[in-house]
Amino acid sequence: MLTRDWMLPLQTIDQLKWDLGLPYDYQDSFVLDHHDRFSFVRLLDDRVGLKLLFWDDKLAVSELEKNASLQQHEEDVKNGTFAFPVSFTRGFGLKRKSMEWLKEWQKLPYTSPYTDASHLDIRTDVSEKRVVGVFHELLHLTLHKQTERKNVSNLRRPLALPQKFTKAFERHPGIFYISKKNDTQTVVLREAYNGGELVQKHPLVKIREEFANLMKKGLLDRSRGVYKKSLDADLVEGVRNEVCIAEKTNRFDSKDESDSILF
């Protein structure tokens with residue numbers, strides 16, 4: 001619904017599959033179970049894409065618009081000039097000129113990411129606010145409210161975005177945070193986190209965290225030798241049994257005996 005032609009290449013969807021919480025076999029399960037809403041199509045570049053067949057006005061409401069009555073001033077709601085929640089890390093300070101520009105930018109008209117924005121001049125701040133709104137909504141649709149920067153590199157045409165659209169992430173550090181952990185650039189929605197914790201956790205996020213904690217515990221126990229000790233004990237007991245059997249049947253020569261005793 002965010003795309004211009006109501007369709008996305010499967011390759012692009014696959015890149016976002018983990019972030020969106022889609023099942024591994026979504027093409028065979030999820031899509032086929034909703035054949036009245038989705039259809040596979042052949043794109044102009046001969047790739048396979050997924051096309052939306054049914055538009056739902058109830059879903060075409062951005063997260064910013066949903067929370068307008070709680071987060072926005074009544075006058076801004078009437079005028080449609082919604083402001084994005086902004087926060088900065090401790091010690092981060094904007095120059096006075098930049099702060100004044102940000103306040104004026106927040107007062108500009110808000111264009112819903114679900115509406116046609118072809119009439120906007122890409123050189124204007126209104127257009128930039130629309131770009132920010134698109135990614136603000138896209139990150140809200142992800143489970144962890146974040147995604148790798150490379151995952152959105154192929155979204156320029158489907159989302160009808162201007163060239164160098166990812167510059168919006170650096171230009172608005174109060175809305176987006178770019179993590180460079182493990183040499184991977186990840187775009188994070190600031191408002192969705194309180195410190196390092198998600199404010200609202202999707203049930204799948206809780207399951208993933210439980211699984212990750214279980215794996216960490218297993219690796220920690222392994223490093224402590226918990227599993228190794230039990231395996232060694234079984235191995236030693238097995239060797240002892242073999243030695244006893246061999247001694248009874250006189251299968252060892254003198255070299256084998258010395259090797260076994262040394263072991």
Within one Ile-Leu-Val-Met-Phe-Trp-Tyr cluster: Leu64 and Val199, side-chain cutoff 4.5 Å | no
Using a 4.5 Å cut-off on heavy atoms from C-beta on, say whether the side chain of Ser62 contacts that of Phe82.
-> no
Nearest atoms (heavy-atom pairs only) where Val205 meets His144 = CG1-CE1, 3.8 Å
Within the distance-only criterion (no hydrogens, no angle test), does the side chain of Arg130 pair as donor or acceptor with the backbone N or O of Leu120 below 3.5 angstrom?
-> no
If you measure only the distance, is there a donor-acceptor pair under 3.5 Å linking the side chains of Tyr26 and Asp14?
-> yes
Electrostatic pair Lys129-Asp125, nearest N-O below 4.0 angstrom = no
Check: Phe88 main-chain N/O paired with Arg190 side-chain donor or acceptor under 3.5 Å = no
Find the distance between CD1 (Ile178) and CD (Gln185) and round it off to the nearest 0.5 Å.
-> 6.0 Å
Hey, what's the ring geometry for Trp6 with Trp55, parallel, tilted or perpendicular (30° and 60° as the breaks)?
-> parallel
Give a yes or no on whether a salt bridge exists between Asp56 and Lys58, defined as a side-chain N under 4.0 angstrom from a carboxylate O.
-> no
Cluster link Leu43 to Phe40, ILVMFWY, side chain under 4.5 Å | no
One should read off an interatomic distance between Ile13 CD1 and Leu22 CG, to the nearest 0.5 angstrom, of 7.5 Å
For His172 and Val132, work out which heavy atoms get closest and say how close.
-> CD2-CG2, 3.7 Å
Measure from the side-chain N and O atoms of Arg47 to the backbone N and O of Leu10, and report whether any donor-acceptor pair falls under 3.5 Å.
-> no
Is a side-chain donor-acceptor pair under 3.5 Å present for Ser118 with Asp116?
-> yes
Evaluate the side chain to side chain contact (heavy atoms under 4.5 Å, CB included) criterion for residues Phe135 and Ile175: first the C-alpha distance (whole Å), next the side-chain angles of each, then the deciding distance (0.1 Å), finally the verdict.
-> CA-CA 10 Å; Phe135 287 110; Ile175 302 174; over 6 Å; no
Side chain to side chain contact (heavy atoms under 4.5 Å, CB included) between Val152 and Val187: does it pass, once the steps are laid out?
-> CA-CA 10 Å; Val152 299; Val187 184; 5.7 Å; no
Arg42 vs Asp46 side-chain heavy atoms within contact, under 4.5 Å = yes
Would you check if Tyr193 and Gln146 make a side-chain contact, meaning some heavy-atom pair closer than 4.5 Å?
-> yes
Determine whether Asp36 and Leu53 make a side-chain contact, defined as any pair of heavy atoms from C-beta on separated by less than 4.5 Å.
-> no
Examine distances only and state if a side-chain atom of Asp5 and a backbone atom of Met7 form a donor-acceptor pair shorter than 3.5 Å.
-> no
Chi angles and distances behind the side chain to side chain contact (heavy atoms under 4.5 Å, CB included) call for Phe176, Val188 | CA-CA 6 Å; Phe176 308 109; Val188 184; over 6 Å; no
Are Val48 and Val41 connected, step by step, through hydrophobic side chains (Ile, Leu, Val, Met, Phe, Trp, Tyr) whose heavy atoms are closer than 4.5 Å?
-> no
Minimum heavy-atom distance between Pro162 and Arg156, given as atom pair plus value = O-CD, 3.5 Å
Atom of Leu20, atom of Leu141 and distance for their closest heavy-atom approach | CD2-O, 3.8 Å
Report yes or no: does Ser29 contribute a side-chain atom to a donor-acceptor pair with the main-chain N or O of Asp25 at less than 3.5 Å?
-> yes
Same cluster for Leu198 and Leu139 if Ile/Leu/Val/Met/Phe/Trp/Tyr side chains link at under 4.5 Å?
-> no
Counting only heavy atoms not in Glu170, do more than 12 fall under 6.0 Å of its CD?
-> yes
Test: Lys201 and Glu210 ion pair at under 4.0 Å | no
Non-hydrogen side-chain atoms of Leu155 and Leu8 separated by less than 4.5 Å = yes
Heavy-atom check, side chain of His136 versus side chain of Glu191, under 4.5 Å = yes
Any sub-3.5 Å donor-acceptor pair from Lys145's side-chain atoms to His140's backbone N or O?
-> yes
Would you call Thr186 and Lys181 a side-chain contact if the rule is heavy atoms closer than 4.5 Å?
-> no
Relative to the ring of Trp101, is the ring of Trp105 parallel (under 30°), tilted (30 to 60°) or perpendicular (over 60°)?
-> parallel
Within the side chain of Gln106, is there an N or O that forms a donor-acceptor pair under 3.5 Å with the backbone of Phe84?
-> yes
Minimal heavy-atom distance between Glu63 and Glu137, with the atoms involved, is N-OE1, 2.7 Å
If we only count heavy atoms from C-beta on, is the Arg208 to Trp18 side-chain gap below 4.5 Å?
-> yes
Got a sec: does the CG of Asp121 have more than 12 other heavy atoms crowding it under 6.0 Å?
-> yes
Can Leu2 and Tyr114 be said to form a side chain to side chain contact (heavy atoms under 4.5 Å, CB included), step by step?
-> CA-CA 5 Å; Leu2 291 174; Tyr114 295 102; 3.5 Å; yes
Would you confirm whether His202, through its side chain, and Leu204, through its main-chain N or O, come within 3.5 Å as a donor-acceptor pair?
-> yes
Is it possible for you to say whether Leu143 and Leu189 belong to one hydrophobic cluster, with membership spreading through side-chain heavy-atom contacts below 4.5 Å?
-> no
Please confirm whether Lys17 makes a cation-pi placement over Tyr24, using NZ or CZ under 6.0 Å from the six-membered ring centre and within 45° of the ring normal.
-> yes
